[in-house]
Amino acid sequence: MAVAPAPTRVLVADDQALLRGSFRVLIESDPGLTVVGEADTGRATVELARTTRPDVVLMDVRMPDLDGIEATRQICAAPETAGVRVLMLTMFDLDSHVYAALRAGASGFLLKDTPPTDLLTAIRVVAAGEALLAPTVTRRLVDEFVRNHQPSLVSGPELGARLAGITDRECEVLVLVARGLSNPEIAERLKVSLATVKSHVRHLLTKLDARDRTQLVIAAYEGGLIRSGAETPSA
């Protein structure tokens with residue numbers, strides 16, 4: 001008899017007890033998911049992440065004692081929790097804090113009014129290390145803030161040196177990832193196999209020290225490979 005896989009372990013972080021309770025009930029209604037803890041402040045979230053080692057933290061952007069952005073940064077930067085994925089929750093789809101949260105290491109974001117089935121799917125997708133649901137959603141957010149708030153979180157020389165280490169084909173793949181194309185769509189566009197695209201994406205993640213595809217989107221924009229609203233890479 002096949003052994004059932006262990007459930008995905010989720011830490012719920014929100015300063016509102018009612019929301020935390022609602023998220024717990026929803027998450028535990030899925031047999032493939034389980035809640036390992038709840039936190040009402042950013043600092044408590046960081047500590048619980050260290051002690052419970054969840055697969056995914058469902059993180060509110062705004063929390064007392066340490067906001068969700070700094071909590072995300074600390075969780076993603078610490079060796080003991082480097083494998084923990086963070087899924088940000090926000091009330092607004094273009095919350096000015098969310099771009100910084102993605103740069104801090106979050107794997108994606110959801111609105112708090114996301115349908116329950118979409119939230120459960122998002123948790124599973126993020127836990128698997130994939131892009132959050134539709135990559136174009138995160139790309140739209142990044143596009144908006146690159147247009148209106150030129151990011152300075154990565155210095156030009158530092159990012160330029162990292163991009164200099166990628167091949168021409170990897171550069172093509174990176175631009176297509178930034179435009180929100182999935183691996184099968186990239187394979188069709190470049191007329192290569194799906195396995196080849198996956199290999200290029202893996203190499204990009206390693207070379208650009210990126211946690212997931214969301215981070216690749218940001219690197220492409222910050223590196224000037226693609227401009228806001230552009231259809232072709234910048235020269």
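A pairwise comparison of heavy atoms in Ala210 and Gln215 identifies CB-CB, 3.5 Å as the closest pair. Shown here for Cys76 and Ala106, the closest heavy-atom pair between the two residues is SG-N, 4.5 Å. The minimum heavy-atom distance between Leu190 and Val173, with the atom names listed, is CD1-CG2, 3.8 Å. In terms of heavy-atom proximity, Pro54 sits nearest to Val36 at CB-CG2, 4.0 Å. Minimum heavy-atom separation, Gly105 to Thr72: C-CG2, 4.2 Å.
Between the side chain of Ser199 and the backbone N or O of Ala195 there is no donor-acceptor pair closer than 3.5 Å. In terms of modelled atom types and a separation under 3.5 Å, the side chain of Arg9 and the main chain of Thr52 share a donor-acceptor contact. Between the side chain of Arg211 and the main chain of Ala82, a donor-acceptor pair closer than 3.5 Å is present. In this structure a side-chain-to-backbone donor-acceptor pair under 3.5 Å is missing from Thr81 to Ala77. The backbone N or O of Lys198 sits nowhere less than 3.5 Å from a side-chain atom of Asn183 that would complete a donor-acceptor pair. Using modelled atom types, one side-chain atom of Arg53 and one backbone atom of Glu80 make a donor-acceptor pair closer than 3.5 Å. For the pair Thr114 (side chain) and Leu110 (backbone), a donor-acceptor distance under 3.5 Å is absent. The closest donor-acceptor contact from the side chain of Arg20 to the backbone of Glu38 lies at 3.5 Å or more, if one exists at all.
Between Ile123 and Leu33, some side-chain heavy-atom pair lies under the 4.5 Å cut-off. In this structure the side chain of Leu225 reaches within 4.5 angstrom of the side chain of Leu163, judged on heavy atoms. Under the 4.5 Å side-chain criterion, counting only non-hydrogen atoms from C-beta, Leu48 is not in contact with Val57. Between Thr167 and His203, every side-chain heavy-atom pair lies at or beyond the 4.5 Å cut-off. Looking only at side-chain heavy atoms (C-beta outward), Asp40 and Met63 stay at 4.5 Å or farther from each other. Here the side chains of Asp67 and Val61 are not in contact, with every heavy-atom distance at 4.5 Å or above. Annotation: side chain of Leu89 is not in contact with side chain of Leu19 (no heavy-atom distance under 4.5 Å). Looking at heavy atoms from C-beta onward, Leu194 lies in side-chain contact with Pro184 at the 4.5 angstrom threshold.
Ser107 OG to Met59 CE: the interatomic distance, rounded to the nearest 0.5 Å, is 11.0 Å. Note that CG of Leu66 is 10.0 Å distant from CD of Glu47, once rounded to the nearest 0.5 Å. Rounding to the nearest 0.5 angstrom, the gap separating the SG atom in Cys171 from the CG atom in Leu176 is 9.5 Å. Note that OG of Ser182 is 9.0 Å distant from CD of Glu188, once rounded to the nearest 0.5 Å. With rounding to the nearest 0.5 angstrom, the CG atom of Leu119 is 11.5 Å from the CG atom of Asp113.
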**Study point:** Residue pair Thr45, Thr41: steps toward the side chain to side chain contact (heavy atoms under 4.5 Å, CB included) verdict
**Key:** CA-CA 6 Å; Thr45 303; Thr41 70; 5.8 Å; no
Point to revise | Arg189/Glu185 under salt bridge (charged side-chain N to carboxylate O under 4.0 Å, His left out): CA gap, chis, key distance, verdict | key: CA-CA 6 Å; Arg189 177 74 66 87; Glu185 290 170 335; over 6 Å; no
Exercise for review: Might you work through the side chain to side chain contact (heavy atoms under 4.5 Å, CB included) test for Leu208 and Leu174, ending with a clear yes or no?
Suggested key: CA-CA 11 Å; Leu208 299 179; Leu174 180 58; 3.9 Å; yes
Practice item. I would like to know whether Val35 and Phe23 meet side chain to side chain contact (heavy atoms under 4.5 Å, CB included); could you show each step before the answer? Key: CA-CA 9 Å; Val35 175; Phe23 286 137; over 6 Å; no
Exercise for review: Test side chain to side chain contact (heavy atoms under 4.5 Å, CB included) on Asp55 and Val10 and set out the steps.
Suggested key: CA-CA 6 Å; Asp55 298 302; Val10 183; over 6 Å; no
Practice item. Step by step, work out the salt bridge (charged side-chain N to carboxylate O under 4.0 Å, His left out) result for Arg124 and Asp30. Key: CA-CA 11 Å; Arg124 289 192 292 268; Asp30 187 316; 2.4 Å; yes
Practice item. Show the numbers, then the answer: is there a salt bridge (charged side-chain N to carboxylate O under 4.0 Å, His left out) between Lys112 and Asp14? Key: CA-CA 11 Å; Lys112 285 191 174 181; Asp14 197 292; 3.1 Å; yes
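Taking 4.0 Å as the cut-off between side-chain N and carboxylate O, Lys207 and Glu170 count as a salt-bridged pair. A salt bridge links Asp65 and Arg43; the closest N-O separation between the charged side-chain nitrogens and carboxylate oxygens is under 4.0 Å. Electrostatic pairing of Arg85 and Asp212 counts as a salt bridge here, judged by a charged N lying under 4.0 Å from a carboxylate O.
Checking Ser193 against Thr196 by side-chain atom types alone, a donor-acceptor pair falls below 3.5 Å.
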